[in-house]
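As structure tokens, the structure follows; a few thoughts come after it.
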Amino acid sequence: MKRDLLLLGLFMLIKLNVFVISNESIKKPTIVVSILIRNKAHTLPYFLTLFEQLEYPKNRICLWIRSDNNVDNSIEILNVWLNEQRFKYHSINIITDNESKINENEEDIADWTTNRFIHVINLREEALNFGRNIWADYLFMLDADVFLTNPKTLELLISKNETLVAPMLKSDGMYSNYWAGMTSEYYYERTETYVPILNREKIGCRQVPMIHSAVLINLRQKNTDFLTYNSDNLQHYNGPKDDIITFALAANASDVPLHICNDEIYGYVMVPLESQDTLERDYQQLINLKLEVLGNFFNSFVQF
Ligand SMILES: *[C@@H]1O[C@H](CO)[C@@H](O)[C@H](O)[C@H]1NC(C)=O
Ligand SMILES: *[C@@H]1O[C@H](CO)[C@@H](O)[C@H](O)[C@H]1NC(C)=O
Ligand SMILES: *[C@@H]1O[C@H](CO)[C@@H](O)[C@H](O)[C@H]1NC(C)=O
Ligand SMILES: *[C@@H]1O[C@H](CO)[C@@H](O)[C@H](O)[C@H]1NC(C)=O
């Protein structure tokens with residue numbers, strides 16, 4: 001009798017949520033967002049505005065920002081934004097170099113020399129180790145020409161419960177931030193699974209050989225400990241000196257699958273410039289992409 005009463009009392013307490021840990025009482029995971037910026041003065045206003053609109057507690061986010069070798073006023077724009085916003089974030093680790101304009105040996109701004117790859121590899125590796133060292137739960141590797149139009153992106157990606165996950169990003173063409181195939185030399189290979197993912201014919205998160213530009217890494221998973229952007233850290237590496245390819249192969253070697261999610265419209269990405277291209281081409285591309293975003297936005301209204 002007494003025991004039943006006790007149980008009843010217990011159940012009532014549970015019903016009253018006394019024993020239930022509600023979602024609201026648990027703090028969100030901590031995230032380091034790594035942002036590399038070079039010649040992004042034209043994309044930064046959109047990038048930063050959308051980033052700011054992400055529905056995720058900013059006091060659980062640490063920003064890790066590096067910017068150098070700019071021929072435009074990227075750093076100035078970044079600083080204007082930071083002066084207004086920096087206090088909302090948990091912390092900011094930032095190094096900007098406003099003196100350097102172009103790396104040694106580079107012919108022009110879109111020339112990807114080996115030195116440039118090494119530079120980016122070192123920066124990404126530094127961000128990865130920074131996240132590990134400060135015990136961040138997640139590292140979000142985000143490029144400054146990605147436009148996350150879906151404010152729930154971070155929350156949704158975390159809810160996928162995958163070690164490595166990227167939101168599928170649209171461009172103004174067939175380009176996106178994943179590969180559906182990889183050649184034996186570890187380069188891009190077009191396969192028949194690419195387009196159905198892009199066109200969202202099958203919806204969900206699926207394993208692919210490459211994700212980049214916006215990658216969420218769950219650092220709480222032990223098997224991320226050997227992920228790296230630097231091929232010197234990998235045994236028997238015979239791929240190119242390339243940050244994203246090394247990372248994808250390191251993940252594979254650690255048995256960590258890469259996932260691309262197209263279950264929502266998450267956002268957009270700029271197509272990388274070809275080596276002969278100038279910034280003018282990127283300006284034009286940004287206009288095209290903005291039209292694409294507007295068009296999609298409009299379509300989503302018309303459907304209702
Ligand atoms: C708590 O969060 C989980 C996952 O985000 C969700 O599935 C669940 O419905 C939430 N529970 C409550 C009581 O809000
Ligand atoms: C770089 O920034 C420093 C400090 O903000 C400033 O004094 C200097 O004039 C800037 N140099 C250039 C080339 O913009
Ligand atoms: C998340 O994934 C892990 C395995 O990686 C699993 O043990 C766990 O139950 C999953 N959690 C949820 C909420 O799905
Ligand atoms: C590693 O790569 C092989 C060959 O491409 C593939 O079959 C396998 O699924 C990959 N494993 C992971 C965990 O990504």
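Whatever order the structure lists ligands and atoms in, that order sets their numbers, starting from 1. All residue numbers in this chain count up from 1 along the given sequence.
- Contact annotation for atom 14 (O) of ligand 3: protein present (non-hydrogen atoms, distance under 4.0 Å).
- For the residue pair T149 / Y268, no side-chain donor-acceptor distance below 3.5 Å is found, with atom types taken as modelled.
- Within ligand 4, counting atoms from 1 as listed, the ones closer than 4.0 Å to a heavy atom of N252 are 1 (C), 2 (O), 3 (C), 8 (C), 10 (C), 11 (N), 12 (C), 14 (O).
- Side-chain polar atoms of R66 and N93 form a donor-acceptor pair below 3.5 angstrom.
- Note: an N/O pair closer than 3.5 Å links N161 and ligand 3 by distance alone.
- In this structure, atom 9 (O) of ligand 4 is in close contact with the protein, since a protein heavy atom lies within 4.0 Å of it.
- Residues E125 and N122 have side chains that never bring a donor and an acceptor to within less than 3.5 angstrom of each other.
- Here the heavy atom of the protein found nearest to atom 5 (O) of ligand 3 is Q221 NE2, 4.3 Å.
- Not close to ligand 4: P209, with no non-hydrogen atom less than 4.0 angstrom away.
- Residue Q207 has at least one N or O atom closer than 3.5 Å to an N or O atom of ligand 4.
- Taking every heavy atom of both residues into account, N39 and L279 meet most closely at O-CD2, 3.9 Å.
- Of all the heavy atoms of M182, none lies under 4.0 Å from any atom of ligand 4, so neither backbone nor side chain is involved.
- Contact annotation for atom 1 (C) of ligand 4: protein present (non-hydrogen atoms, distance under 4.0 Å).
- N177 and S213 are not linked by any side-chain donor-acceptor pair at a separation below 3.5 angstrom, with hydrogens and angles left out of the test.
- The closest side-chain donor-acceptor pair between D263 and Y266 falls under 3.5 angstrom.
- For the side chain to side chain contact (heavy atoms under 4.5 Å, CB included) with L139, the lone residue among I217, L227, T224 that qualifies is I217.
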